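A short worksheet on the structure shown next.
Throughout, residue positions are numbered sequentially from 1 according to the sequence presented. Owing to the predicted nature of the structure, the values given are computational and were not obtained by experimental measurement.
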Amino acid sequence: MKAITVVSTTSQAGKSVLTTAICRILARRGIRVAPFKSVTLSSQSYLTEIGGEMGYAQALQAWAAGISPAVEMNPVLLKPKGDNSFKPFVKGKGGGTISVTDFCSWAENDGWTVVRNCLDQLTAEFDALVCEGAGSVADIHLKRCDLSNMKVARYLNSPTLLVVDIERGGALAQVLGTLELLDSFERGLLRGIVVNKWQGSRVLLQPGLDWLEERTGLPVLGVIPSSEVARSNRETLSPLERHTHRGNNDVTLKVVRLPRMTNFSDFDPLEAEPSVNVKYVSPKQSIGYPDAVILPGTRSTIADLLVLQETGMVEELKDYVSAGGTILGMAGGFQMLGQTVADPEGIEGVEGRYKGLDLVPMKTVITTNKIARQRAVTSAYPQKGLHVVGYEIHRGRTQMADGEEFQPLFDDESLGVVDKYQSVWGTYLHGIFDSGPWRRAWLNRLRQQRGLKALPTGIPSYREQRETLLEDLTELVQENLNLTQILP
């Protein structure tokens, strides 16, 4: 066995979660395994150690396999830009904009060469690959430019699992229709069916499974129950217990869902906090008066800043801070907090110079040079001496005005500031909340303002928590999936 391919009848059927669990199952057996997905369509990316961007889901799968994420595991990442266009990243490097039509032309010609080369490299380096398909395996109109799914399975001659989401309804019809649309060679690669997101007793489902096996000649290798730990967030694919064992939601955070928002995974650690309620609000909605508001990263700072101005949210945010509220800007959101943001060459899509929220005495100029690097720093606020690991990924040169009202957040002064009241925070550091002690210290500042007891700060990093949850996910899948016909 050199590879396993996981495909599905529909999008969002659970391929990514199943792929993640199989990576961990193989790794437990001492097999050097790597995940692979030819093309990922997502606004959520992960920055590798050498500065390449790849899908966050494939990074998670690499961690499940016990290895470091590498762009070869996800050679093509497409970030949606609207109007049926994408920002493509090929082997970690981004450039320009591509339409759906142009992507299909590229995929038919140069795209498969890129994918094939990465497959060859990974199969030479690892004992096994777990390859995830994309969308439906049977979209005939997309087959000519489909770089994932059965094209990969054919190339690797890999046994293939077909996942069906029974929660949607019509699962039996989905399976039969999918098999009808595959050619004989592709159907021959299928080794079994996995029914995902089942709620209820398997006894009730069994007659349908027996009929399906008799009709298709394929065994049903597993029925994965619907569970919080197995549910994947559409953007981040984080197997987190987001809504179980919730406390009193002592602290409410509002994240402004900018039209071009990126790096959703920044907020996974906050969503995993039992006492924190994270809500996403669009620029057209009122923020109300939460404990804190977060302006996240964005693919185009000025374009999203203009949206905030047009909807009136800029004034609402300024009034909120004036009334004693706390605001945190991250990357592009940090740039918006300044006096001006200028993009003289229109690098991010909007040319010109525009007023920011004027909450921080700084000016930013968007430049062609993109900073993309991992960082390890020591905090000055909200508690001195905390070790924080994260990464920068932004364009722009920011210059702070002289003054004592704002202080550096870290020992590297370029990575962020906070005002003397600790109500206005800004940082270029993504992944800042992964640090358990820093996250808890920041939350305790908010809790203190409400007269609440401080949370303990001596906790593991979110990465350690993620490892525990990956183990829980793997146990859930392993208990309900029979892979003896595929695994050695």
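- One side chain, Asn482 or Thr484, offers a donor N or O that lies under 3.5 Å from an acceptor on the other.
- Between the side chains of Thr364 and Gln335, not a single donor N or O lies within less than 3.5 Å of an accepting N or O.
- Proximity of Met54 to Met73: side-chain heavy atoms (C-beta onward) are separated by under 4.5 Å at one or more points.
- Formation of a donor-acceptor pair under 3.5 Å by the Arg260 side chain with backbone atoms of Lys81 is not found in this model.
- Between Asp266 and Phe433, the shortest heavy-atom contact is O-CD1, 3.6 Å.
- Under the 3.5 Å distance criterion, the side-chain polar atoms of Asp291 are matched with a main-chain donor or acceptor of Thr252.
- Met261 places a side-chain heavy atom less than 4.5 Å from the side chain of Tyr280.
- Counting heavy atoms from C-beta on, the side chains of Val194 and Val164 never come closer than 4.5 Å.
- For Lys279, the NZ atom counts as loosely surrounded, since its 6.0 Å shell holds 12 or fewer non-hydrogen atoms of other residues, nucleotides or ligands.
- Smallest separation of non-hydrogen atoms from Ser379 and Phe410: CA-CD2, 3.8 Å.
- When every heavy atom of Phe334 is checked against every heavy atom of Gly426, the shortest pair comes out as CD1-CA, 3.4 Å.
- In the model, Asp434 has no side-chain atom that pairs as donor or acceptor with a side-chain atom of Ser461 under 3.5 Å.
- By the 4.0 Å N-to-carboxylate-O rule, Arg32 lies too far from Asp127 to be salt-bridged with it.
- Arg439 and Glu271 are not joined by a salt bridge, as no carboxylate oxygen comes within less than 4.0 angstrom of a charged side-chain nitrogen.
- Of all heavy-atom pairs between Thr398 and Tyr428, the closest is OG1-OH, 2.5 Å.
- In this structure, the side chain of Arg395 does not engage the main chain of Ile366 through any donor-acceptor pair within 3.5 Å.
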Evaluation steps, side-chain contact (heavy atoms from CB on, under 4.5 Å), between Ile22 and Leu161: CA-CA 11 Å; Ile22 294 175; Leu161 299 178; 3.9 Å; yes

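- Within a 6.0 Å sphere centred on CZ of Arg28, heavy atoms belonging to other residues, nucleotides or ligands number more than 12.
- Salt-bridge annotation for Glu471 and Arg24: present, with a side-chain N of the basic residue lying under 4.0 Å from a carboxylate O of the acidic one.
- The pair Glu53-Lys79 meets the salt-bridge criterion, since a charged nitrogen lies less than 4.0 angstrom from a carboxylate oxygen.
- Of the N and O atoms on the side chains of Ser8 and Lys15, at least one donor lies less than 3.5 Å from an acceptor on the other residue.
- Val6 has its side chain within reach of Val163: a pair of non-hydrogen atoms, C-beta onward, lies under 4.5 Å apart.
- Electrostatic pairing of Arg375 and Asp412 counts as a salt bridge here, judged by a charged N lying under 4.0 Å from a carboxylate O.
- Formation of a donor-acceptor pair under 3.5 Å by the Gln478 side chain with backbone atoms of Glu475 is not found in this model.
- Rounded to the nearest 0.5 Å, atoms NZ (Lys318) and CD1 (Ile327) are 11.0 Å apart.
- Counting heavy atoms from C-beta on, the side chains of Pro80 and Leu41 come closer than 4.5 Å.
- A donor-acceptor contact shorter than 3.5 Å is absent between the side chain of Trp425 and the backbone of Thr427.
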For Glu72 and Lys91, what are the C-alpha separation, side-chain angles and deciding distance, and is it a side-chain contact (heavy atoms from CB on, under 4.5 Å)? CA-CA 6 Å; Glu72 289 77 14; Lys91 294 189 69 173; 4.0 Å; yes

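- Side-chain N/O atoms of Thr40 and Gln58 include a donor and acceptor closer than 3.5 Å.
- Proximity of a side-chain donor or acceptor of Tyr56 to a complementary backbone N or O of Ser42 within less than 3.5 Å is not detected.
- The side-chain heavy atoms of Leu60 and Tyr46, taken from C-beta on, include no pair separated by under 4.5 Å.
- For the residue pair Trp438 and Val388, the shortest heavy atom distance occurs at CD1-CG2, 3.7 Å.
- With no hydrogens or angles considered, no side-chain donor-acceptor pair links Gln383 and Thr457 at under 3.5 Å.
- Look at Glu392 and Arg373 and you find a salt bridge, because one of the NZ, NE, NH1 or NH2 atoms lies within 4.0 Å of a carboxylate O, short of that distance.
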If you apply the rule side-chain contact (heavy atoms from CB on, under 4.5 Å), what do you find for Leu473 with Val17, and how did you get there? CA-CA 8 Å; Leu473 170 65; Val17 169; 3.4 Å; yes

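- In this structure a side-chain-to-backbone donor-acceptor pair under 3.5 Å is present from Ser136 to Thr9.
- Considering CD1 of Ile459 and CD of Glu273, their distance stands at 5.5 Å, rounded to 0.5 Å.
- With values rounded to the nearest 0.5 angstrom, Thr19 atom OG1 is found 11.5 Å from Leu129 atom CG.
- The line from CG of Leu77 to NZ of Lys93 is 15.5 Å long, rounded to the nearest 0.5 Å.
- In this structure the side chain of Ile294 reaches within 4.5 angstrom of the side chain of Met330, judged on heavy atoms.
- For the 3.5 Å distance criterion, the side chains of Asp419 and Ser423 qualify, holding a donor opposite an acceptor.
- Between Thr301 and Asp343, the closest side-chain pair of non-hydrogen atoms is not below 4.5 Å.
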Test ring pair (Phe, Tyr, Trp, His ring centres under 6.0 Å) on Tyr381 and Trp442; report intermediate values, then the result. CA-CA 8 Å; Tyr381 293 91; Trp442 189 78; over 10 Å; no

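- A cation-pi arrangement is present between Lys87 and Phe89 under the rule of less than 6.0 angstrom and at most 45 degrees off the ring axis.
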Carefully, step by step, assess Glu132 and Ser16 under the rule side-chain hydrogen bond (donor to acceptor under 3.5 Å, both in side chains). CA-CA 7 Å; Glu132 179 187 341; Ser16 295; 2.5 Å; yes

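- To the nearest 0.5 angstrom, Leu305 atom CG is 5.5 Å from Met336 atom CE.
- Pairing each heavy atom of Pro259 with each of Arg299, the nearest pair is O-NH2, 4.3 Å.
- Heavy atoms from other residues, nucleotides or ligands lying under 6.0 Å from CD of Glu413 number 12 at most.
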Would you please test Met400 and Val417 for side-chain contact (heavy atoms from CB on, under 4.5 Å) and show each step? CA-CA 9 Å; Met400 289 285 299; Val417 295; 4.0 Å; yes

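- Considering CG of Leu270 and CG of Asn277, their distance stands at 11.5 Å, rounded to 0.5 Å.
- Between the Ser435 side chain and the Ile432 main chain, no donor and acceptor come within less than 3.5 Å of each other.
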